[in-house]
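Comments concern the structure below.
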Amino acid sequence: MAKKIYITTPLYYVNASPHIGHSYTNVAADCLARYYRQKGEDVFFLTGSDEHGQKIAQAADAAGKEPQAFVDGVVEHFESLWKLLNISHDDFIRTTQQRHVDVVQAALTRLKDEGKLTREAYNGWYCTPDETFWTPEELAKKTEDIENPVCPDCQRPLEAVQEEGWYLHLRESQEWLVNFLKKNPQWVRPESRYNEIFSLLKDDLPKYLCITRPKARVKWGIPVPFDPEYVTYVWFDALLNYLTATGYLVDQQLFEERWPAKMQIIGKDILRHHALYWPIMLHALGIPDDQMPECIFAHGWWKIGEQKMSKSLGNIVDPNVIVTVFLKEQPFAADVYRYFLMREVNFGQDGNFSEEGIETRFASDLANDLGNLVNRTLSMIDKYCDSKIPAVSEATLTDADKALQQSATSVAGQLDVLMPRLEFSKALEAIMDVVSQANRYIEEQMPWKLSKAGETERLHCVLRSLAETLRTTAILLTPFMPSVTQEIWRQLGFEGSVPELDQAAQWLKIPDNQSFTDHPVLFPRPKS
Ligand code: MSP
């Protein structure tokens with residue numbers, strides 16, 4: 001049985017259309033999934049939509065629709081964006097699907113039967129935009145105004161809640177979680193987020209997590225199977241999706257193939273849910289420590305001019321507009337966008353999103369460096385070698401050729417260190433350094449002079465070394481820009497798909513005299 005590399009993204013709330021923040025997580029997860037596939041691994045890449053809860057019910061109400069009809073409409077915007085951005089997920093889970101409802105209800109029943117749930121009266125605060133509970137004790141530590149508190153995470157007003165419900169013990173598992181984290185220092189990444197969770201655990205956790213909402217107030221949720229007055233709290237419901245999609249409780253063989261998750265990518269806003277509640281839920285369900293997800297990676301936020309993106313500020317950026325309007329002259333607009341997101345900031349840190357930022361990055365890295373290298377190389381082979389990639393003998397390679405070969409063929413190994421750590425920007429930097437080196441090599445070797453001087457053997461060596469660099473670069477860039485690299489592959493005269501990553505450690509692999517045809521410009525400069 002082949003063990004899968006299981007990669008997840010959060011399930012996005014379908015109360016409104018997707019924005020660049022949502023696309024960021026999915027592009028990152030996609031690059032990772034494509035990297036592992038190109039390593040020959042079996043990948044199971046999951047994304048989806050979070051469709052229950054008060055926030056969705058309110059949005060449906062405002063749109064004058066029934067919640068199910070409303071989410072059915074909004075989810076299409078997410079699905080079409082993932083198509084546009086070339087997201088290669090293997091499954092798209094919706095929390096309203098029957099397969100998920102069944103697992104949530106079975107999990108609730110199991111926890112209740114094993115005495116892990118209690119029915120209690122609750123007195124606290126609720127943040128509807130974040131769908132998050134806050135106990136008076138937690139708030140007291142974080143807010144001055146205890147009468148009219150705001151949410152410590154998003155600063156929006158909280159709603160007082162006094163009601164009965166079903167509770168999962170949190171504090172009971174606190175010691176277990178602390179020990180688990182101590183034994184698994186890589187469990188939350190980057191390190192700053194691990195430290196954040198660890199310091200949260202220095203204080204007592206709230207005694208319980210309320211995992212239900214009274215139907216009288218919130219109708220739109222998964223019914224609690226043993227208590228008809230309640231629906232399931234939307235976070236308890238949504239987190240379980242990561243299990244549902246593996247066949248948990250339904251198909252043991254599938255479950256063993258897929259579970260545990262190797263990498264769960266989230267934004268830093270939902271760290272508490274994934275690094276406190278989620279492991280405690282899994283522990284309560286009897287998932288052993290060595291079957292916990294391997295890593296929760298919380299990335300940073302894209303801001304707009306240092307401000308948070310929000311509806312009230314009216315500064316929400318739609319990725320569809322960036323790709324289809326702002327980058328409309330680009331034949332590979334989605335790849336340009338993907339490249340920008342992955343290269344611009346180190347994954348884990350915050351970044352500033354702007355069209356000027358995309359323009360600058362596009363001009364320097366893609367048009368001037370990569371596009372130019374492809375175009376110059378193939379145009380020179382057109383001119384001097386009749387569009388056939390020249391043969392060379394290894395014995396004639398000079399130190400300069402070998403230096404280029406050495407740089408290009410060593411990047412695959414660097415990717416094997418950087419990609420599992422989600423250091424996307426550094427990985428791209430390493431690849432693009434080779435591209436810059438190849439452009440400098442052209443200036444130094446001056447193939448046009450070699451041609452004039454009739455030094456054909458040396459000319460062929462240089463042009464072949466450049467073509468080999470393009471071959472290697474195309475393989476290495478594939479997880480990030482799958483359409484551009486497929487086109488470079490075609491322009492080099494290859495048929496079929498770009499091969500596995502370890503091929504990028506090889507040199508002189510283009511068949512001698514391979515011919516190619518057209519090579520249109522990959523990254524045309526915008527008309528001003
Ligand atoms: N539905 C919950 C997640 C449940 S997972 C079991 C949720 N959904 S959300 O629609 O609000 O999406 C939150 C996620 O979107 C963040 O964790 C992050 O991945 C992404 N982003 C939202 N805004 C963002 C930025 N401004 N910048 C980067 N990513 C952000 O929370």
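Read the numbers this way: they start at 1 and go in the same order the structure lists the ligands and their atoms.
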Looking at R421 and D416, is any side-chain nitrogen of the basic one under 4.0 Å from a carboxylate oxygen of the acidic one? no
Is W301 in polar range of ligand 1, meaning some N or O pair under 3.5 Å apart? no
For ligand 1, is there an atom lying under 4.0 Å from some heavy atom of H19? yes
Under a 3.5 Å threshold, yes or no: a donor from one side chain and an acceptor from the other, between Y337 and S23? yes
Is the shortest distance from a Lys or Arg side-chain nitrogen in D227 or K112 to a carboxylate oxygen in the other one below 4.0 Å? no
Result of checking Q105, R99, Q98 against D102 for side-chain hydrogen bond (donor to acceptor under 3.5 Å, both in side chains): Q98
May I ask you to say whether K116 pairs ionically with E114, meaning some side-chain N is under 4.0 Å from a carboxylate O? yes
Using distance alone, determine whether G267 and ligand 1 share an N or O pair under 3.5 Å. yes
When you measure from atom 8 (N) of ligand 1 to every protein heavy atom, which one gives the shortest distance, and what is it? Y13 CD1, 3.3 Å
Of all the atoms in ligand 1, which lie at a distance below 4.0 Å from a heavy atom belonging to A238? 6 (C)
Which residue and atom name correspond to the protein heavy atom nearest atom 27 (N) of ligand 1, and how close is it? W302 N, 2.9 Å
Return yes or no for this condition: an N or O of H274 is under 3.5 Å from an N or O of ligand 1. no
Return the closest protein heavy atom for atom 31 (O) of ligand 1 as residue, atom name and distance. I270 CG2, 3.5 Å
Distance-only donor-acceptor check, side chains E423 and N346, under 3.5 Å: no
Below 4.0 angstrom, N of the basic side chain to O of the carboxylate: do E294 and K262 qualify? yes
For ligand 1, which atoms have a heavy atom of M309 less than 4.0 angstrom away? 26 (N)
Give the contacting part of D269 toward ligand 1: side chain, backbone, both or neither, where contact means a heavy-atom distance below 4.0 Å. side chain
Heteroatom distance test (Y24, ligand 1): nitrogen or oxygen, under 3.5 angstrom: no
Looking at ligand 1, does any of its N/O atoms fall within less than 3.5 Å of an N/O of L11? yes
Heavy atom of A298, distance to ligand 1 below 4.0 Å: no
Would you tell me whether Y35 and D30 have side-chain atoms, one donor and one acceptor, within less than 3.5 Å of each other? no
Can you list the atoms of ligand 1 that are under 4.0 Å from a heavy atom of Y242? 5 (S), 6 (C)
If you measure from each heavy atom of H299 to ligand 1, is any distance below 4.0 Å? yes
Quick one about D365 and Y339 (side-chain donor to acceptor, distance below 3.5 Å, no hydrogens or angles considered), yes or no? yes
Looking only at protein heavy atoms, identify the closest one to atom 15 (O) of ligand 1 and say how far it is in Å. H22 CD2, 3.4 Å
Tell me whether the NZ or CZ atom of K4 lies within the 45° cone about the ring axis of F44 and under 6.0 Å from its centre. no
What residue and heavy atom of the protein are closest to atom 14 (C) of ligand 1, and at what distance? Y12 CE2, 3.9 Å
Relative to the heavy atoms of G300, which atoms of ligand 1 are at a distance of less than 4.0 Å? 28 (C)
Taking the six-membered ring of W176, is the NZ or CZ of R171 close enough (under 6.0 Å from the centre) and on axis enough (within 45°)? no
Lys/Arg cation over aromatic F45: R34, 6.0 Å, 45° cone: no
Which protein heavy atom lies closest to atom 30 (C) of ligand 1, and at what distance to 0.1 Å? G21 CA, 3.6 Å
Would you say ligand 1 has an N or O under 3.5 Å from any N or O of D50? yes
Does a side chain donor of either T9 or H89 reach within less than 3.5 Å of an acceptor in the other side chain? no
Closest non-hydrogen protein atom to atom 19 (O) of ligand 1, residue and atom name please, with distance? T25 OG1, 2.6 Å
